[in-house]
Amino acid sequence: MIEVNYMTQNVEMPVFNHDAVRDWILEVAARHGKRVGRLTYVFCDDAYILATNKQYLGHDYYTDIITFDYSNSHRLSGDMVISLDTVKSNAEQFAPDYEHELMRVIIHGVLHLCGINDKGPGEREVMERNENEALSILPENVFEA
């Protein structure tokens with residue numbers, strides 16, 4: 001059963017076409033030989049993600065996304081906590097705009113669930129290539145709520 005849920009903590013829900021994003025996630029997962037089970041996105045502020053990072057990972061720093069992986073074999077399942085504050089500041093530095101940076105972070109979590117890492121030698125480049133490939137098939141109607 002495919003289920004993609006969106007929740008918020010301390011922020012307003014970002015505006016995007018939830019159905020278009022779900023379909024995009026399904027396509028990206030399929031291209032990696034995976035099916036989607038249950039995915040939950042929690043959009044939050046920096047304070048919430050910092051507390052989550054400390055509590056569950058023992059890390060005392062801000063990040064744009066934390067991915068909790070509950071996948072098995074070919075079915076993706078997980079919770080992804082995304083700081084909209086960090087997405088915004090990263091967009092100002094690195095991305096064309098906030099909306100595209102948000103989509104990059106959303107798919108970044110899915111790519112982690114697909115088994116792509118970004119911490120070891122050469123892994124960041126592999127992750128960026130996969131993010132760019134996914135963004136290249138982003139539906140045009142994704143920013144229409």
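In this text the structure is predicted, and so the values were computed from the model without any measurement.
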Supply the atom-to-atom distance Ile137 CD1 to Asp23 CG, rounded to the nearest 0.5 angstrom.
-> 11.0 Å

For Ala20 and Pro139, the nearest pair of non-hydrogen atoms, with its separation, is O-CG, 3.9 Å

Heavy-atom side-chain contact between Lys34 and Leu113 under 4.5 Å | no

Is it true that Arg31 and Glu27 make a salt bridge, defined as a side-chain N closer than 4.0 Å to a carboxylate O?
-> yes

Does any non-hydrogen side-chain atom of Asp118 lie less than 4.5 Å from one of His112?
-> yes

Qualifying residues under side-chain hydrogen bond (donor to acceptor under 3.5 Å, both in side chains), relative to Asp79, sequence neighbours excluded | Arg38, Tyr70

Phe94: what forms a ring pair (Phe, Tyr, Trp, His ring centres under 6.0 Å) with it, not counting sequence neighbours?
-> none

Gap separating the CG atom of Asp97 from the CG atom of Leu102, nearest 0.5 angstrom | 10.0 Å

Ser77 and Asn72: side-chain donor and acceptor closer than 3.5 Å?
-> no

So how far is it from Asn130 CG to Ile116 CD1, rounded to the nearest 0.5 Å?
-> 3.5 Å

Should we count CE of Met7 as having more than 12 external heavy atoms under 6.0 Å?
-> no

Mind jotting down which residue pairs meet the salt bridge (charged side-chain N to carboxylate O under 4.0 Å, His left out) criterion with at least one end in residues 48-60? Sequence neighbours excluded, please.
-> Lys54-Asp60

Only counting residues at least two apart or in another chain, list the ones meeting side-chain hydrogen bond (donor to acceptor under 3.5 Å, both in side chains) with Gln9.
-> none

Members besides Leu50 in its Ile/Leu/Val/Met/Phe/Trp/Tyr cluster (side-chain heavy atoms under 4.5 Å) | Tyr62

Evaluate the side-chain proximity of Tyr56 to Val81: yes if any heavy-atom separation is below 4.5 Å, no if none is.
-> no

What residues form a ring pair (Phe, Tyr, Trp, His ring centres under 6.0 Å) with His32, not counting sequence neighbours?
-> none

Nearest heavy-atom approach of Thr86 to Ser89 is O-OG, 3.1 Å

Do NZ/NE/NH1/NH2 and the carboxylate oxygens of Asp19 and Arg22 come within less than 4.0 Å?
-> yes

What residues, two or more places apart in sequence or in another chain, satisfy side-chain hydrogen bond (donor to acceptor under 3.5 Å, both in side chains) together with Asp69?
-> Ser71

Are Ile65 and Leu57 linked, directly or through other ILVMFWY residues, by side chains that come within less than 4.5 angstrom of each other?
-> no

Do His100 and Leu138 touch side chain to side chain, with heavy atoms closer than 4.5 Å?
-> yes

Can you name the residues that form a side-chain hydrogen bond (donor to acceptor under 3.5 Å, both in side chains) with His74, not counting sequence neighbours?
-> none

Hey, are the side chains of Val4 and Val21 touching, using non-hydrogen atoms and a 4.5 Å cut-off?
-> no

Got a second to check how far Leu39's CG is from Ile106's CD1, nearest 0.5 Å?
-> 11.0 Å

Joint cluster assignment, Val142 & Ile107, ILVMFWY side-chain distance < 4.5 Å | yes

Heavy-atom pair of closest approach, residues Ala91 and Tyr98 | CB-CA, 3.7 Å

From Asn53 CG over to Thr63 OG1, what is the distance, rounded to the nearest 0.5 angstrom?
-> 6.5 Å

May I ask you to decide if Ala51's main-chain N or O and Gln55's side chain share a donor-acceptor pair within less than 3.5 Å?
-> no

Separation between CE (Met80) and CG (Asn5), nearest 0.5 Å, reads 10.0 Å

Contacts of Glu92 meeting salt bridge (Lys or Arg N to Asp or Glu O under 4.0 Å) (sequence neighbours excluded), chain-then-number -> none

Could you list the residues that satisfy side chain to side chain contact (heavy atoms under 4.5 Å, CB included) with Val11, not counting sequence neighbours?
-> Thr8, Phe43, Asp45, Leu84

Less than 4.5 Å apart, any side-chain heavy atom of Ile49 and any of Asp85?
-> no

Considering residues at least two apart in sequence or located in another chain, which fulfil the side chain to side chain contact (heavy atoms under 4.5 Å, CB included) criterion with Glu131?
-> Arg104, His108, Leu111, Arg124, Met127, Glu128

Contacts of Tyr6 that satisfy ring pair (Phe, Tyr, Trp, His ring centres under 6.0 Å) - sequence neighbours left out | Phe16, His18, Tyr41

Would Ile25 end up clustered with Ile66 when hydrophobic side chains under 4.5 Å apart are linked, directly or stepwise?
-> no

